[in-house]
Amino acid sequence: MTNDTVTPDADLALIEANIRDVPDFPHEGILFKDITPLLNHREAFAATVDGLSAPYREGGVDHVVGLEARGFIFGAPVAMALGAGFVPARKAGKLPANTIDQAYDLEYGTATVEIHADAITPGSRVLIVDDVLATGGTGRAAVELVHKAGGTVVGFSVLMELSALRGREKLPDVELHTLLSV
Ligand code: AMP
């Protein structure tokens, strides 16, 4: 099912056709949305980067924050398309210099995301990018990280929303842009 109003329907259909469902990965009961066929299809990959960037072309985005790991793959070309810098938000312990961090809840336990403390200029406009919005925990943590760094979140651009997991309810204060909703 598609729900983007900016991207042509033919592009959304091409994107959707190149996302592979893998049942029971990485755990039984999870239907994994595998984007590797999409990355390897040049028109579908280009249409995805266009679609994720389109609403923000006039928005004066200073930084794009990509969420490890698949948010890096989409976030970097989105940053290029918008003339913005790219900031990787990584799992704890991966970034070499001083960081700021934000913990969030998982189904069992907690996780932490980090960015470099000097990566986001206070007062700057930030777009967050990821491949899948599931429960919204990762996205919420990224929004809090940007706020801690003194940035303004202008949007959260996501390839696919798994709407049954109601992640958008964790992001009521964020302009959420999703290309596909299933
Ligand atoms: P969440 O914090 O629950 O919104 O999960 C979002 C993160 O987990 C994203 O970075 C996704 O890459 C990944 N993710 C969660 N569920 C899936 C799924 N069914 N298929 C692919 N990736 C997923």
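Whatever order the structure lists ligands and atoms in, that order sets their numbers, starting from 1. Predicted, not measured: the structure shown is a model, and the values here were computed from it.
Glu114 has no carboxylate O lying under 4.0 Å from a charged side-chain N of Lys94, or vice versa, which leaves the two without a salt bridge. A salt bridge links Asp50 with Arg57: at least one charged nitrogen is closer than 4.0 Å to a carboxylate oxygen.
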Working for side chain to side chain contact (heavy atoms under 4.5 Å, CB included), residues Leu159 and Val132: CA-CA 6 Å; Leu159 168 53; Val132 171; over 6 Å; no
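Distances from ligand 1 to the non-hydrogen atoms of Gly136 include at least one value under 4.0 Å. Residue contact check for ligand 1: Leu31 places a non-hydrogen atom closer than 4.0 Å to it.
Annotation for Asp21: atom CG counts as buried by contact number, over 12 foreign heavy atoms lying within 6.0 Å.
For a threshold of 3.5 Å applied to N or O pairs, the pair formed by Asp130 and ligand 1 contains at least one separation below that value. Taking distance alone, with nitrogen or oxygen atoms compared against 3.5 Å, Gly139 stays at or beyond that limit from ligand 1. Any N or O atom pair closer than 3.5 Å counts here, and Phe32 shares no such pair with ligand 1. Backbone and side-chain nitrogen or oxygen atoms of Glu68 are examined, and none is located within less than 3.5 angstrom of a nitrogen or oxygen of ligand 1.
Considering only non-hydrogen protein atoms, atom 17 (C) of ligand 1 sits nearest to Val132 CG1, 3.9 Å. Scanning the protein heavy atoms around atom 20 (N) of ligand 1, the nearest turns out to be Lys33 N, 2.9 Å. Of all protein heavy atoms, the one closest to atom 16 (N) of ligand 1 is Ala134 CB, 3.6 Å.
When distances from atom 5 (O) of ligand 1 to the protein are checked, a heavy atom turns up under 4.0 Å.
Under a hydrophobic clustering in which Ile, Leu, Val, Met, Phe, Trp and Tyr are joined whenever their side-chain heavy atoms come within less than 4.5 Å, directly or via other members, Val158 and Leu165 fall into different clusters. Taking hydrophobic clusters as Ile, Leu, Val, Met, Phe, Trp and Tyr residues chained together by side-chain heavy-atom distances below 4.5 Å, Phe74 shares a cluster with Ile15. Both Val146 and Leu67 are assigned to one and the same hydrophobic cluster, defined by single-linkage of ILVMFWY side chains at heavy-atom distances under 4.5 Å. Linking ILVMFWY side-chain heavy atoms closer than 4.5 Å, directly or via other members, places Leu82 and Phe156 in two distinct hydrophobic clusters.
For ligand 1, the atoms sitting less than 4.0 Å from at least one non-hydrogen atom of Leu162 are 19 (N), numbered in the order shown with element in parentheses. Short contacts between ligand 1 and Arg70, defined as distances under 4.0 Å to a heavy atom of the residue, involve ligand atoms 11 (C), 12 (O), 13 (C), 22 (N). For ligand 1, the atoms lying closer than 4.0 Å to a non-hydrogen atom of Thr138 are 1 (P), 2 (O), 5 (O), 6 (C), 7 (C). Close approach of ligand 1 to Thr135 is summarised as follows: ligand atoms under 4.0 Å from at least one heavy atom of the residue are 1 (P), 2 (O), 3 (O), 4 (O). Residue contact check: Asp131 has heavy atoms under 4.0 Å from atoms 9 (C), 10 (O), 11 (C), 12 (O) of ligand 1.
Annotation: side-chain hydrogen bond (donor to acceptor under 3.5 Å, both in side chains) contacts involving residues 135-144, sequence neighbours excluded, comprise Arg140-Glu144, Arg140-Asp173.
Donor-acceptor pairing under 3.5 Å is recorded for the side chains of Ser124 and His63.
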